[in-house]
Amino acid sequence: QQIRIVVVSHGQAADPFWSVVKNGVDQAAKDMNVRVEYRAPETFDMVRMAQLIDAAVASRPNAIVVSIPDAKALERSITAAVKAGIPVVSMNSGSDVAEKLGVLVHVGQTEYEAGLGAGKRMKAAGVKNAICINQEVGNVALDLRCKGFFDGLGTKPNVIPVKIGDPTGIKNAVAAALQKDPTIDGVLTLGPTAAEPVLQAIEGKKLVFGTFDLSPAVLKALSEKKMAFAIDQQQWLQGYLPIVILANYVRYGLLPANNVILTGPGFVTPENAAQVIDLSKKGIR
Amino acid sequence: MTPLIELRKVSKYFGPVVSLKDIDMRVYAGEVHCLLGDNGAGKSTLIKALSGVHQPSEGQIYMEGQPVVFNSPRDALDKGIATVYQDLAMLPLMSISRNFFLGREPKKKVGPFTLYDAAFAAQVAREEMKKIGIDIRDPDQPVGTLSGGERQSVAIARAVYFGAKVLILDEPTSALGVKESAVVLKYIVQAKLRGLGVIFITHNVHHAWAVGDTFTVLNRGRSYGTFKKEEATREQLLQMMAGGEELEALAVELDLIAKKDPTTAAQIEHKAAEELHKPN
Amino acid sequence: MTPLIELRKVSKYFGPVVSLKDIDMRVYAGEVHCLLGDNGAGKSTLIKALSGVHQPSEGQIYMEGQPVVFNSPRDALDKGIATVYQDLAMLPLMSISRNFFLGREPKKKVGPFTLYDAAFAAQVAREEMKKIGIDIRDPDQPVGTLSGGERQSVAIARAVYFGAKVLILDEPTSALGVKESAVVLKYIVQAKLRGLGVIFITHNVHHAWAVGDTFTVLNRGRSYGTFKKEEATREQLLQMMAGGEELEALAVELDLIAKKDPTTAAQIEHKAAEELHKPN
Amino acid sequence: MAVRTQDERLRPISLWQRLLLRPELGSIAGLVVVFGFFAIAAGGSGFLTWAGTRNYLEVAAQLGILAAAVALLMIGGEFDLSVGSMIGVAAVMMAILSHPDYGGLPISLSLVITLGFALLIGYFNGWLVLRTGLPSFIVTLAMMFILSGANIGFTKLITKLTIVSGLGDSLAKDPLSFLFTGAFLGLPAAVWWWLGVTLVLSWVLLRTPFGNWIFGAGGDPTAARNVGVPVRRVKITLFMLTAAAATVVAAIQVMGLGSANVLQGMGKELEAVAASVIGGCLLSGGYGSVIGAGIGALILAIVQQGIVYTNIDLDWFKVMVGGMILGAVILNNYLRKLSMQVRR
Amino acid sequence: MAVRTQDERLRPISLWQRLLLRPELGSIAGLVVVFGFFAIAAGGSGFLTWAGTRNYLEVAAQLGILAAAVALLMIGGEFDLSVGSMIGVAAVMMAILSHPDYGGLPISLSLVITLGFALLIGYFNGWLVLRTGLPSFIVTLAMMFILSGANIGFTKLITKLTIVSGLGDSLAKDPLSFLFTGAFLGLPAAVWWWLGVTLVLSWVLLRTPFGNWIFGAGGDPTAARNVGVPVRRVKITLFMLTAAAATVVAAIQVMGLGSANVLQGMGKELEAVAASVIGGCLLSGGYGSVIGAGIGALILAIVQQGIVYTNIDLDWFKVMVGGMILGAVILNNYLRKLSMQVRR
Ligand SMILES: Nc1ncnc2c1ncn2[C@@H]1O[C@H](COP(=O)(O)OP(=O)(O)OP(=O)(O)O)[C@@H](O)[C@H]1O
Ligand SMILES: Nc1ncnc2c1ncn2[C@@H]1O[C@H](COP(=O)(O)OP(=O)(O)OP(=O)(O)O)[C@@H](O)[C@H]1O
Ligand SMILES: [Mg+2]
Ligand SMILES: [Mg+2]
């Protein structure tokens, strides 16, 4: 009987970040010769996520992988899985609560810390007044990135909400913000869907621009020095490792001793961008 | 005797359109008051003002001597005015019996709840329709599948059933067959004998003459005045309704047409012209 | 002579409803064929089958001797059949002139483009309406703001304007005043003299008698047969339309009502009964 | 049904055809097909187990509670696009009011306050639509923005985040929360709420004068007003009912999860409309069924949850959902037409 | 307009009132108010500058191109909820076809292929709606799921990502891309497209027989069919037009940005409907204006972009957008009623 693992994450299938996670999952499934089903709600929706986990439990898989953006909301479903004797590994978010919920291992990075790192980096670059572009207000993971960013920078929060499906709207909103307040000297985006339009909006302006997560265009901009940095959580690993860990756990009962495995934050800068470009095209970074 | 319902200098404007201007009218209990006039004369507008659909732009309505304002059709209904609208006010997707009782649902008490009494509604709708000469197949049938005349009959049966003091009928016989029309006229007489005031709009002189006691003629939003049946002959009424000169011109015209093609059409045409001239 | 249009054993079912059953009918060029019958007899269904709105469930339609199938109203229109529907087929939010030409827009060429000729449309609509006796205020006015009769006139004027071989009119005079009705009757005669076949549905015996050459009577979806004008008297026609016995019963009933309240109503009632009995 | 005299103008019609004429019964065919599909495709992996059944029933329940009210509103001729964000507002409001760090009220009290607020919003929606005569689509679209925007604004103002979590303890103390989170005969409270709401509203629609008015107000408001239906009152009541249903869903979610998020309920407005349409409601109003909306919700829930049990790749998930919805409505429609060609 | 004979049944009516009777002209009042608001609230911070103007015009242009087609479709009595995901599909398809790593086609060729595909989808939408007789709302809702789902599925299959970037070079080579990304008289190509599409479609609606058919097909399809309007053909054409408009918007975005992602266009369907309604289109069909839809798009764009120039905390962004939409439609509606109480 082939091992069957269900992955439930809070990020949509369409999101570039999460599509890399899924690529890692799929690769691990192939490498470990296990069957993996990946499930996610259409939007950031804890109710749906809890329901998906419940459905996963009902389908009696050998193991479950979850992300935990809101521990309270998912607590019941996750503990139910644990109680049912299904091994659970968490990924991406939830490092602080994983152990309490009975999760075996957490693979990921805390959003807040990553944001904090970005803020500190900008501060070091001399940024005094920055904006954070949020393409999905209400998604707690993105909220935390912005929050950490401004804490690290030590300035008052200034978040520009934009619509994820509207590149021109994003570009022009940033252009408008820069026009309104010319003292802005730093921009942080929370994903490549926002980063690419923003690249156009800041063309020819002297400011520090960083983003979360990679895409071919982001890496190209980095190597052309149009950007200062991109924060890479190496989310491929967040998909890959849990499957490997669980496959070995189910088969042989083996488990790493360290119950939090950090995959990031890693910073990609103009200096090391070139080597990542190829991987990014393959959907690994 | 105070009139059941009285209009004094009622006018109605729709933006730039003057639909009614300074209308005076009195309707007494136990009389059938016919409202006559060309198309677009303002008849429907007048009765809509009486049934609370429109509020008059100017002027005042009195009911049994008291000034009244009808804020809504429900208001008018509650004060005892039941109306058959020219555009019928029927819901095509709803069943006959539900349409019949819409807005005045029969109620039954079941424990603490007030329920819609569907069985009673179906029965009454069927009976009332039967009285008017229409044997409906199924009171649950949607009104949208009825023929024009059948639909009209539902509206009439409903108004007659609910009519309390005043019964208003806007061209109720226009879509009806000879037999059904006769039944409606009978209804009008019955209502009058029960002491209701009936306002009856029609384009058919015969119908008006058969049941009317009083006639008010509208023309382009203004009143030509009110006449008692005793004061006029049927021919005068026809003249008033049609504006005599025009009819004569028409007869001449028809003759001319007939002359153009004398071989086949002469007699028929002649007869037609005669026909048109004389009774209707 | 081959009939312009012929129906052989045409039936139409709507689910369980039998609307028409085995209808045979022949309409010749240059004749006015009146279709008579009670409400719900199936007259509208019959003409809808002729104008392509419904396809017959059984039977065949022939045009000038050839079997035809009308797949859509446009199809029928293209073959020269213009219809005034009982429910008018008017768009309330559209202007009079646009409604008038809907589906048959007047075109003008401007360079490579085929445009809608709005000026021409407005002018024709105004003129045709004037011919029928309605002086419209503004051809750009939405049809929804017209009175019932005015709306009917637009539909008639349109069909007459576009009528090529067959003109079908479903109760065109029902909402019209005396004057306007006369004009429509005149139109019917004109169309016939121009060699069109006219199918005319009405509940008004006078109108039918005035212009009709042939009469087909429907009853509950079946045909009572076709009669030439020469073969019948007006009274016979009335009997056929109304089903004599019922009318007599009604007269008796009206008398009874009158007796209940003899003081006020006796004469009026008597007269009404007479009225109903004799001409209509 | 009254005794029917046989009429030669009627061809015989079977009971089966009569049943299929009911607006909701066509959708049952869609349900059977969808269920059958998953029973075959995913029966082995737990879809047919009790846990699997409970899982999709719970999803159906929340959507169904909403859809029952939305269906009534649609039959009454109006739309409410703001009902999704109303869920979010109600959830966050309830959570903040009872959260130990902010309101600290007992959950039952905050439920009552939230319900009052929701009814107010519903009233305002209805008032605005009727007062201005604007289409409810655009008015409630604007309200959707306003509600979800205000939700973000206030929540960030109070909690600095867009999430309110950590209600667990205050919930456990309150006996009322059992009404929303408990279970009875093995089924979660939400399912019972769903059944209750559907039956009561269906009963209101079909058996009370008010139900008749709903059909009237939706079918042709002018005609209904002309015969004396208080159209304004009917419509405003329906808007309030819809907001109340959103609050019930929010209560079930908040008390079940112990946390609330400003995005909660997003998109539910379209799902509820879809459920109602699948269940036979006309978008133009005046026709439809509450039971049908419940079946529509069940179909959507089975599709959504059933896919989890199959091994269809997530990347193609939405294609499946869309295809299933389309298939269900087409089938439903086709069957209805087949059995009865009465209406044009 | 023909010469008018004076009629005693007409009260005098001013030219101003006549103008306000046009469906779109009420919305101009909304535009003036919204613009005025931002001119005052944000005039100092660059809203009124040329750059600021270009900024919101560009946003308005893309929405406006879509809204023009959507307005026609709405006047024709149908809805298309799938038009947002059609943008995403067209964008990604175009990008993949021209991307050096995948299709490698010149961008003009991939535009043509994509347009052909979009027209096919539009045709299918229309065919399905007319064939089944189902409301277009539910059919295109399902299509929205199917399209965006297939978009994710295929894109991941081909590129392993959900984003296709790095088109820059292949674009620069193609002269055609100037048509979508260039500028003329200081205004970006999108704005000229917007103007062109709006004028042409408005002209089609008001000055051609086909325009008359659109009104007819939307106002009362049965009546229109009865007088000979080819309702099927009209509606299918409109669905295809809408899909084509989505492709144009996608082309402008892809060529401007040099990249595409599967989420592109999400939510645009509702914005386009909102713009049309603000511009005076009736949701029930049969009435409306293309110019009005353009003004509606402009209002929405000004609100969206203008807020960034003000000092309002952007947490309240959506509240402002909703409030402004509501204000604009109410004002527009009120003015129209005030000036002319012709219709009930
Ligand atoms: N809501 C409205 N807006 C604008 N004009 C209206 C409105 N209602 C009626 N009118 C106009 O007022 C005039 C009178 O209309 P009304 O319907 O009262 O005529 P009517 O006498 O009932 O005619 P008919 O015998 O044809 O039914 C008509 O010219 C009509 O165009
Ligand atoms: N689409 C339909 N579905 C079901 N029944 C129908 C449909 N159309 C017509 N009928 C039924 O067929 C019968 C004939 O209707 P039709 O409209 O042809 O009558 P009619 O002779 O025109 O009557 P009227 O003089 O009242 O207009 C009616 O009983 C009607 O209920
Ligand atoms: Mg009238
Ligand atoms: Mg008829």
With only heavy atoms counted, which part of Leu128(E) is less than 4.5 Å from chain D, the side chain, the backbone, both or neither? side chain
Exceeds 12 heavy-atom contacts within 6.0 angstrom, atom CZ of Phe154(E): no
Nearest-0.5 Å distance that lies between atom [atom1] in [X] and atom [atom2] in [Y]:
X: Phe317(D); Y: Ile152(E); atom1: CZ; atom2: CD1; result: 10.5 Å
X: Thr155(E); Y: Asp315(D); atom1: OG1; atom2: CG; result: 9.5 Å
X: Ser284(D); Y: Leu283(E); atom1: OG; atom2: CG; result: 12.0 Å
X: Met143(D); Y: Ile325(E); atom1: CE; atom2: CD1; result: 12.5 Å
X: Ile278(D); Y: Ile138(E); atom1: CD1; atom2: CD1; result: 5.0 Å

Checked Ala274(E), Pro135(E), Gly323(E), Gly153(E) vs chain D; the most non-hydrogen pairs under 4.5 Å come from Gly153(E)
Partner residues of Ser148(E) under the side-chain hydrogen bond (donor to acceptor under 3.5 Å, both in side chains) criterion, sequence neighbours left out: Lys318(D)
For a 4.5 angstrom cut-off between non-hydrogen side-chain atoms, does Trp316(E) reach Ile146(D)? no
Decide yes or no for Val319(E) and Phe145(D): does some side-chain heavy atom of the first lie under 4.5 Å from some side-chain heavy atom of the second? no
Can you list the residues that meet the salt bridge (charged side-chain N to carboxylate O under 4.0 Å, His left out) rule with Glu271(D), with sequence neighbours excluded? Lys268(D)
Determine the sole option in Val277(D), Val329(D), Leu326(D) for which the side chain to side chain contact (heavy atoms under 4.5 Å, CB included) test with Leu134(E) is passed. Val329(D)
If I measure from the heavy atoms of chain E, does Leu141(D) come under 4.5 Å with its side chain, its backbone, both, or neither? side chain
